[in-house]
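Below is one structure, written out as structure tokens; comments come after it.
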Protein chains: 2
Amino acid sequence: MNRSASIKDVANHASVAVGTVSNVLNYPDRVSQRTKERVLRAIDELGFVRNDAARQLRAGHSRTIGLIVLDVGNPFFTSVVRAAEDAAALQGSAVLLGDSGHDASRESNYIDLFQEQRVQGLLISPVGDVTARIDQLRERGVPTVLVDRLADESKYSSVSVDDDAGGYLAARHLLDTGRRRLAFVGGPTSIRQVADRLQGAERAVKEESDATLEVLDSDGQTVLAGRSVGNLLVERGPGELPDGIFCANDLLALGVMQSLTMTHTLRIPEDIALIGYDDIDFAVSAVVPLSSIRQPTEALGRTAIELLAEELESENPKHRAVIFTPELVVRQSTAPAKGSSAR
Amino acid sequence: MNRSASIKDVANHASVAVGTVSNVLNYPDRVSQRTKERVLRAIDELGFVRNDAARQLRAGHSRTIGLIVLDVGNPFFTSVVRAAEDAAALQGSAVLLGDSGHDASRESNYIDLFQEQRVQGLLISPVGDVTARIDQLRERGVPTVLVDRLADESKYSSVSVDDDAGGYLAARHLLDTGRRRLAFVGGPTSIRQVADRLQGAERAVKEESDATLEVLDSDGQTVLAGRSVGNLLVERGPGELPDGIFCANDLLALGVMQSLTMTHTLRIPEDIALIGYDDIDFAVSAVVPLSSIRQPTEALGRTAIELLAEELESENPKHRAVIFTPELVVRQSTAPAKGSSAR
DNA sequence: TCGTATTAATGAAACGATTCAAAACAACCA
DNA sequence: TGGTTGTTTTGAATCGTTTCATTAATACGA
């Protein structure tokens with residue numbers, strides 16, 4: 001059996017018209033019990049499987065949604081993807097996944113591919129400026145929702161996380177547990193996320209007249225970069241040290257933690273409290289379990305699908321920019337210092 | 001502009017027949033320079049994009065390959081996926097990715113979906129026993145290659161990694177660097193991978209008459225499980241300790257490392273050498289950079305696509321089971337003990 | 001200028017599902 | 001029995017490509 005059975009084969013086998021087979025598949029109520037059974041038996045006997053290509057050719061659109069992320073290996077996106085897939089499945093759509101790997105040309109290739117596939121809509125965490133491309137897609141009836149990027153609500157729908165709020169949350173937590181000499185460790189502030197988190201932290205520190213915030217630039221966002229910063233810290237005199245450190249992500253924090261704990265002169269959290277960002281799996285199983293800021297990735301993925309559904313339903317575009325607030329996860333690395341009066 | 005332009009629109013706009021437009025797209029050589037230019041201009045002006053559904057309806061098959069993995073969040077699979085995507089792109093196919101999440105029903109849903117999409121073939125890292133399903137697919141002309149699972153070569157093609165060899169490699173390395181009292185730390189040996197790695201290690205140890213191997217059961221394969229095992233070790237008397245530990249994966253090894261380094265009584269690698277498995281990103285940035293066994297994930301993904309291509313080309317099935325050998329990655333955690341004569 | 005060989009362009013048919021107006025059938029009452 | 005209403009079933013038309021047998025155009029030599 002080389003060619004798979006078509007609806008016509010099923011119709012012949014069951015001695016009915018093709019339209020009837022189609023009705024059994026799509027509008028079972030229109031078909032009498034008797035013929036329905038005959039048709040279903042024929043389907044079973046022939047091992048008939050719907051040809052989706054023919055289906056969507058007729059329908060004019062597919063039942064798939066394109067999703068392009070910057071890096072599927074990044075747990076943040078992995079989680080967003082999974083939530084989006086689940087939400088899409090609920091409304092009967094499947095997700096086509098593309099990984100741009102921060103590469104604009106790969107991104108462009110995926111948009112081309114998805115356009116050929118006539119996806120219902122596109123979710124994209126863009127590499128560069130894709131507004132022109134998105135506008136063009138919309139003209140052709142393919143709505144787009146931006147993911148992990150705040151967009152001008154009058155023009156596009158988007159889902160994003162408030163990094164400023166996350167930074168505030170982290171710094172506020174350090175202050176609330178009695179720390180006053182804070183330090184921010186983060187890569188180049190040209191990265192929006194880093195800049196926003198720093199800004200939020202500054203906002204929190206300004207609320208306390210006796211608190212200070214020192215900014216320590218890191219060379220990237222890796223464990224090794226964090227260790228370098230940590231090594232600089234341990235060489236300082238006791239009076240020059242911060243008592244609370246907020247790292248722009250968990251990898252940096254783990255690196256800092258390594259330096260501080262390796263030398264055995266500084267204890268976490270007694271001498272220095274430490275908090276990261278992202279709440280990666282490793283945070284909980286660090287030598288000292290790491291406090292962190294968790295991003296609502298499931299909500300991001302789910303909401304992105306919902307916004308897309310909204311765009312698909314209404315003809316006139318009424319876009320929404322949904323901004324989520326991250327969540328503080330407290331662990332041992334920021335346990336209150338002895339004798340401090342946490343408010 | 002609601003409906004996107006079709007090949008017919010392009011033909012009208014350029015005052016040629018539809019067949020000519022199709023030829024410009026598929027066989028540019030058959031078309032004269034002049035008309036080719038006219039058609040291309042029309043395509044550009046109308047923003048024409050091929051409708052892939054119509055295309056594959058005509059062709060009878062798609063240009064996509066289905067890939068179902070157990071967990072996209074697992075770096076092992078992430079890497080396999082990326083390699084498969086790249087290899088597929090080279091031969092002009094795209095990969096549809098499905099994440100079964102170790103759930104047989106999700107797996108089954110993806111197989112259904114891919115069958116409706118008329119994928120050219122299927123790569124699958126199966127949850128349960130899918131042989132019946134695979135046989136059925138093959139009858140309908142959809143070949144399948146098993147990924148990360150060794151299959152009976154007379155029946156199926158597969159790509160897998162030799163865990164026994166990996167275990168041997170790890171233990172042999174510990175022996176070669178002078179260690180003699182080895183320990184294996186690993187979860188339930190009901191997991192095939194764990195059992196095979198242990199078996200390989202035993203094989204290496206048997207080669208040295210003066211070497212011993214102790215098996216320490218861990219409760220799962222996590223950092224915390226490793227730390228528990230490590231805590232038991234540090235309570236032992238000096239004479240009862242192993243001098244080389246092989247952990248069934250890197251997470252366990254990192255946990256063991258945490259326990260040993262936290263107490264400051266035992267040094268890595270001077271007192272105890274430590275080697276893991278998988279070579280995750282964290283291995284290199286551990287407090288003591290961790291030696292590990294790297295699995296050739298890129299080769300797995302690439303080869304899976306190649307085997308699928310072989311199955312697609314030849315009508316009569318001549319399957320191959322390709323087994324890859326993992327690779328030793330030496331880092332500081334297994335640096336030779338002082339004064340030992342590594343051979 | 002004519003015939004022939006070569007190259008280019010044409011357009012109907014096919015792929016397989018869905019849709020929908022029309023036909024067939026069934027049920028019911030007068 | 002005939003008419004009316006409601007329920008099932010039918011099958012041609014359609015979606016947008018590609019294919020391929022035909023036809024048209026062009027080039028070339030005698």
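Chain letters run A, B, ... following the sequence lines, proteins first, then strands; residues in each count from 1. Heavy-atom basis, side chains included; hydrogens, waters and symmetry copies ignored.
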Practice task
Using heavy atoms to find the nearest nucleotide of DNA chain D for A:S32 and B:A59 separately, return the residue whose nucleotide is more 5′.
Solution key: A:S32

Problem - Atom-pair distance (CG on A:D9; P on C:dC15), nearest Å - result: 10 Å

Problem - Touch class at under 4.0 angstrom, heavy-atom based, for B:V31 against every strand present - result: sugar-phosphate

Practice task
Compare side-chain N and O positions of A:T35 against OP1 and OP2 of D:dT8 and report whether any pair is under 4.0 Å apart.
Solution key: no

Handout entry: Given DNA chain C, 5'-ward residue of the pair B:G19 and B:R30, judged by closest heavy atom
Key = B:R30

Practice task
Could you check how far OH of A:Y27 sits from C1' of C:dA17, rounded to whole Å?
Solution key: 12 Å

Problem - Nucleotide nearest B:V18 when distance is taken to its side chain, options C:dA17, C:dT18, D:dT18 - result: D:dT18

Exercise for the section: Report yes or no: does B:R38 contribute a side-chain atom to a donor-acceptor pair with the main-chain N or O of B:A14 at less than 3.5 Å? Expected result: yes

Completion exercise
Here the distance between atom C1' of C:dT18 and atom CD of B:E116, to the nearest Å, is 15 Å

Handout entry: Side-chain donor/acceptor of A:Q56 to backbone N/O of B:A53, under 3.5 Å
Key = no

Problem - Side chain B:R58 and base D:dT17 donor-acceptor under 3.5 Å - result: no

Practice task
Rounded to the nearest angstrom, tell me the gap between atom CG in A:L46 and atom C1' in C:dG16.
Solution key: 15 Å

Practice task
With heavy atoms under 4.0 Å as the rule, sort A:D52 into base, sugar-phosphate or nothing.
Solution key: nothing

Problem - Note, A:P126 side chain near A:L146 side chain (heavy atom, < 4.5 Å) - result: yes

Handout entry: Value in whole Å for how far the C1' atom of C:dT18 lies from CD1 of A:I7
Key = 8 Å

Problem - Donor-acceptor under 3.5 Å (B:E116 side chain, A:D52 main chain) - result: no

Completion exercise
B:R50 has its side chain closest, among D:dT9, D:dT18, C:dA17, to D:dT18

Handout entry: Nearest to side-chain heavy atoms of B:S22, which nucleotide of C:dT18, D:dT17, D:dT18
Key = D:dT18

Problem - Closest-nucleotide 5' rank along DNA chain C - winner of B:G60 and B:Q33 - result: B:Q33

Handout entry: d(NZ, A:K8; C1', D:dG11) in whole Å
Key = 11 Å

Handout entry: Atom CG of B:N26 with >12 non-hydrogen neighbours under 6.0 angstrom
Key = yes

Exercise for the section: Find the distance B:N51:CG to D:dT18:P and express it as a whole number of Å. Expected result: 10 Å

Exercise for the section: Could you please name the option among D:dT10, C:dA17, C:dT10 that lies closest to any side-chain atom of B:V16? Expected result: C:dT10

Handout entry: From C:dG16, D:dG11, D:dG16, nucleotide with atom closest to A:A17 side chain
Key = D:dG11

Fill in the blank from the handout: Taking C:dC15, C:dT10, C:dT19 as options, the one with an atom nearest any side-chain atom of B:N23 is C:dT10

Practice task
Verify the neighbour count for atom CZ of B:R106: are there more than 12 heavy atoms of other residues, nucleotides or ligands below 6.0 Å?
Solution key: yes

Exercise for the section: Rounded to the nearest angstrom, tell me the gap between atom CG in B:N26 and atom P in D:dC20. Expected result: 12 Å

Practice task
For the side chain of A:R118, starting at C-beta, report the closest nucleotide among D:dT17, C:dA17, D:dT10.
Solution key: D:dT17

